[in-house]
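This report refers to the structure that appears directly beneath it.
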Amino acid sequence: MLGPTVLEPLTVDWAAAQGVEIAVLRLDLIDPLLSGNKWFKLRLHLEGSRQRGCTGLISLGGPHSNHLHALAAAGQRLGLSTVGLLRGHETSTPTIIDLRRFGMHLHWLGYGGYRERHQADFWGAWQARYPRYHCVPEGGGGLEGALGCAMLVEQVEGALPAFGWQAFDAWWLAAGTGTTMAGLVIGERATGRLVYGALAGPGAHRGGDQVAQLLREAGVSTDRYEMLEASGKGFGRFDRRLAQFIFDIEEQTRLPLEPVYTAKALLALRQHVEAGRFEPGARVVFVHTGGLQGRRAAEPLLRQLRRRHC
Ligand SMILES: Cc1ncc(COP(=O)(O)O)c(C=O)c1O
C-alpha cells in the first residue's frame, strides 16, 4: 500500500558550516493521500476497527486538519464510512472540499463544543449516534497511534545502508500531540538515540505531557527525548521569516515544506545547529511528517509575505 522508505541528504550551508549531516525521511512521499506520519498513526486504529467489525470511523479536527484528510481518504479506500467532528463554524477550505469528496460526513461543533472533547462523556453521545464506528482520538493519537509510529525506527534502520550511513545520532521532527514523537522514543528504547520534538503549538498544547503519558502507557521509561518550543507566532500562524525560509529551502534543495509543522521544525533544527548544539560530525534524521495538503490554504499568504520581503 505504501511507497518505499526514502532518505535524502539535506544539503544546506548552515548544516555544512557546523559539520552536521542531515538526512530527510521523506514520509511525504509514501502515498499521495495517506502521507507523512498519518499512515503510521492510523494503521493500528484501522486494524483495530477491522478486527472489531466496525463499519466506520469517527474523529475530530480543524478545517485544515491533515489527520481528518488522511482518515477520510483511508475510509474511502478501505470501504469504511467516515464522520468528521469539526472545530468552529461551517467554512470552506481546500481540506473541507476534499473531506466531502472523500465521502466524510461532517458535523460542525463550534468552538465551545469542540472544547468539550476532553470531557469524559464527550464520545458517548457520538457513539450512540454512530454505533459500530471506531472513535479515533484527535490527531490519530493514543497508544495505538504511537505504537504505529514505533515501526519507523526499524524502517529507517533498514534504509541506512543504501543511504550510506551506518549509524546516526538523533531524530528531529515536528510535534503536535506528541504521538509520533512518543512512537519514535518507544521504537528507540533499545538504542537510546535522542528524539527531538519541535512543538508546533505553544506548550499549552500539552505535547510534552502527552509524550510522558504515552510512554507510561507503553511501559517505557527513558529520558532520551527533548521537546523544544518552535511555534513562532503561534499554532498555525506564520510570518515573513518562515515564508522566506520555506521558499529558500525549496529553491536550494527542492524539499517542499508547509508552514504549520514541517517548516517550523526545520527552522528550529537550523537554529539548534547554528547555536552549535550538535557536535561536528553529528548525523540527524529529520522526519518530514507530510501535511502538504494543508499548504494549499496558506499559499496566497506565503507568496504575499515573500513578495513584500523582496
Ligand atoms: C504534518 C504534521 N506534522 C506533524 C504533526 C504532529 O504530529 P503529532 O500530533 O503526532 O505530534 C502533525 C499532526 O498530526 C502533522 O499534521
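Residue numbers count from 1 along this sequence. Ligands are counted one by one from 1 in listed order, and the atoms in each one are counted from 1 as well.
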Mind checking what makes side chain to side chain contact (heavy atoms under 4.5 Å, CB included) contact with [X], not counting sequence neighbours?
| X | result |
| --- | --- |
| R117 | L60, Y114, F122, E138 |
| T179 | K41, A146, T177, L214 |
| L301 | F238, Q304, L305 |

Show the short N or O contacts, below 3.5 Å, that ligand 1 makes with protein N or O atoms; if there are none, say 'none'.
from     : atom 1 : to   : atom 2 : distance (Å)
ligand 1 : 3 (N)  : T289 : OG1    : 2.7
ligand 1 : 7 (O)  : N37  : ND2    : 3.2
ligand 1 : 9 (O)  : K41  : NZ     : 3.1
ligand 1 : 9 (O)  : T177 : N      : 2.8
ligand 1 : 9 (O)  : T177 : OG1    : 2.6
ligand 1 : 10 (O) : K41  : NZ     : 2.8
ligand 1 : 10 (O) : T179 : N      : 3.4
ligand 1 : 10 (O) : T180 : N      : 2.9
ligand 1 : 10 (O) : T180 : OG1    : 2.6
ligand 1 : 11 (O) : G176 : N      : 2.7
ligand 1 : 11 (O) : T177 : N      : 3.3
ligand 1 : 11 (O) : G178 : N      : 2.8
ligand 1 : 14 (O) : K38  : NZ     : 3.4
ligand 1 : 14 (O) : K41  : NZ     : 3.1
ligand 1 : 16 (O) : K38  : NZ     : 2.9
ligand 1 : 16 (O) : N66  : ND2    : 2.8

>> Quick check for you: to the nearest 0.5 Å, what is the distance between I249 atom CD1 and L10 atom CG?
In response: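 It comes to 5.5 Å.
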> Is a salt bridge present between E250 and R295, judged by a nitrogen-to-oxygen distance below 4.0 Å?
Replying inline: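 Yes, charged N to carboxylate O under 4.0 Å.
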>> So that I can tick it off, tell me whether D31 and R77 are bridged by a salt bridge, with the cut-off set at under 4.0 angstrom between side-chain N and carboxylate O.
In response: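 Result for this pair is yes, salt bridge flagged.
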